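Small disclaimer: the values here were computed from a predicted structure and weren't measured. Throughout, a chain's letter reflects where its sequence line sits, starting with A, and its residues are numbered from 1.
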Amino acid sequence: MATFSPLIDRLLETLRVLPGVGPRTAQRMAFHLLERDREGGRRLAEVLGEALEKVGYCERCRNLTESQQCSICDDARRDDRALCVVESPADLLAIEEAGGFHGRYFVLHGHLSPIDGIGPGDLGLDQLEALVHQRQIEELILATNPTVEGEATAHYIAEQLRALGVRCSRLAYGVPMGGELEYVDGGTLSRAFMGRQPFGEQG
Amino acid sequence: MELQPAYLLHRQAWRETSALADILTLYDGRIRAVARGVMRPGSRTRHRLQPFTPLHLTWQGEGELKTLRIIESQGPGAMLAGEGLICGLYANELMSRLLPLSMPVDTLFAFYAALLEALPFPERRGGALRRFEITLLEALDSEPVFLDEQDRPLDREGRYHYDPSLKRFRPAPLEGPAFEARALGWLARGDWDSPGLAGTARVLTRQALAPLLGSRELRSRELMNELMRRRRTGAR
């Protein structure tokens with residue numbers, strides 16, 4: 001690629017920290033901001049700077065927020081008895097968007113992965129234990145991913161909290177809605193089969 | 001290249017949509033390979049490329065880092081959960097740490113597959129782990145030889161210490177922990193899953209693995225110890 005300005009080169013290079021942005025996309029973004037929408041670019045720079053400066057973890061659930069507590073923890077209408085443990089803020093949002101859950105969350109920001117050296121200390125598990133202890137939580141929903149690491153994390157948390165007498169549950173394995181059995185992978189299908197539900201009992 | 005049976009030992013994200021995979025294959029031993037595009041949302045191979053799942057693979061590339069081409073799963077893997085899962089992670093971490101790349105280890109592959117079958121059952125777990133560890137030690141030319149330092153048979157009534165550098169046993173003083181020659185005799189005959197020998201077998205394989213692992217503790221073992229510690233304090 002021809003270069004004509006060190007500053008633009010730096011801008012292109014920097015834009016590529018974003019996921020999904022390669023050299024061509026970076027170039028399109030940079031020229032768009034410089035040629036068509038400088039005002040938008042300024043806003044972007046400003047808000048980005050402010051967000052990086054101020055956004056941290058909610059002191060209660062470790063969700064991302066610029067306040068001490070996130071809006072979910074602040075919401076008095078939510079059910080204190082159910083706590084859902086997720087690996088990432090993106091997982092939390094997915095559950096919120098799916099609807100149906102009105103309890104509270106705890107965000108681990110990762111999962112146990114011995115080979116990578118990620119241990120219980122990196123996931124705020126002591127904070128989780130203190131939370132379950134203080135808040136009289138009745139059901140802990142372990143919504144870590146259905147991967148090997150997510151499974152190990154769920155097991156570890158359940159063992160850690162067993163002494164507190166909290167009821168733990170795990171998301172079920174299932175066949176995707178509107179899917180066809182033929183195309184479902186074998187692992188999911190066999191687990192869905194084992195976790196089948198009684199049928200025809202309601203109305 | 002024909003499809004080759006394989007297991008994923010570990011993977012980590014690489015670039016944006018790819019993964020760097022550490023793989024145990026039947027004929028080529030451990031390989032490292034890039035799985036392109038598996039981290040893309042909706043990628044069908046994403047679900048397949050999981051640890052403990054029997055895979056069939058092809059790859060290309062002459063260098064140390066290969067590129068995976070075809071990834072097929074051969075039926076669902078062992079349904080590991082809880083402690084069985086952590087034992088599986090332990091086996092994977094051991095191979096990732098100790099196996100050199102591209103060294104054929106077909107016997108180890110077979111014992112690893114047998115281990116995965118056994119892990120869901122607590123009563124079969126210990127024996128299968130020990131057999132796996134011994135096969136790994138054999139592949140690395142570090143397995144205990146049930147002879148003394150001068151290559152003489154062990155005295156049936158004796159007590160011994162194991163010396164990993166010689167792969168042989170030395171007579172132990174009367175006091176303190178030591179291996180009973182009688183128990184070693186059973187192990188020499190390949191009796192790794194007899195319940196009475198579980199403690200001896202575990203200590204012996206651990207001592208034999210220690211110099212290979214060096215000073216860096218296995219993370220999965222730390223995790224298991226931590227879990228046991230919590231369970232004990234929780235039970236009080």
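The environment of CE in M1(B) is crowded: more than 12 heavy-atom neighbours from other residues, nucleotides or ligands sit within 6.0 Å. Within 6.0 Å of the CD atom in Q60(B), the count of heavy atoms belonging to other residues, nucleotides or ligands exceeds 12. The 12-atom threshold is exceeded at CD of E139(A), counting heavy atoms of other residues, nucleotides or ligands nearer than 6.0 Å. Counting non-hydrogen atoms of other residues, nucleotides and ligands closer than 6.0 Å to CD of E64(B) gives a total of 12 or fewer. The environment of E123(B) atom CD is dense: over 12 non-hydrogen atoms of other residues, nucleotides or ligands sit within 6.0 angstrom. For R69(B), the CZ atom sits in a loose shell: 12 or fewer heavy atoms of surrounding residues, nucleotides or ligands are nearer than 6.0 Å. More than 12 non-hydrogen atoms from other residues, nucleotides or ligands lie less than 6.0 angstrom from CD of E96(A). Other residues, nucleotides and ligands contribute at most 12 non-hydrogen atoms within 6.0 Å of the CD atom of Q68(A).
Interface residue S96(B): only side-chain heavy atoms are found under 4.5 Å from chain A. For chain A, the nearby part of L80(B) is the backbone; its heavy atoms alone come within less than 4.5 Å. Heavy atoms of L227(B) lying under 4.5 Å from chain A belong to its backbone as well as its side chain. If you measure heavy-atom distances from L223(B) to chain A, the contacts under 4.5 Å come from both the backbone and the side chain. Contacts between Y90(B) and chain A at a heavy-atom distance below 4.5 Å are absent for every atom of the residue. Of the atoms belonging to I157(A), not a single heavy atom falls under 4.5 Å from chain B.
To the nearest 0.5 angstrom, E83(B) atom CD is 7.0 Å from E159(A) atom CD.
Within the 4.5 Å cutoff, the side chain of L89(B) has no heavy atoms near those of the E149(A) side chain.
Interface with chain B: from residues 101-121 of chain A, residues L112(A), S113(A), P114(A), I115(A), D116(A), G117(A), P120(A) qualify, criterion being any non-hydrogen pair under 4.5 Å.
The candidate with the highest count of non-hydrogen atom pairs below 4.5 Å against chain B, out of R191(A), R162(A), E151(A), is R191(A).
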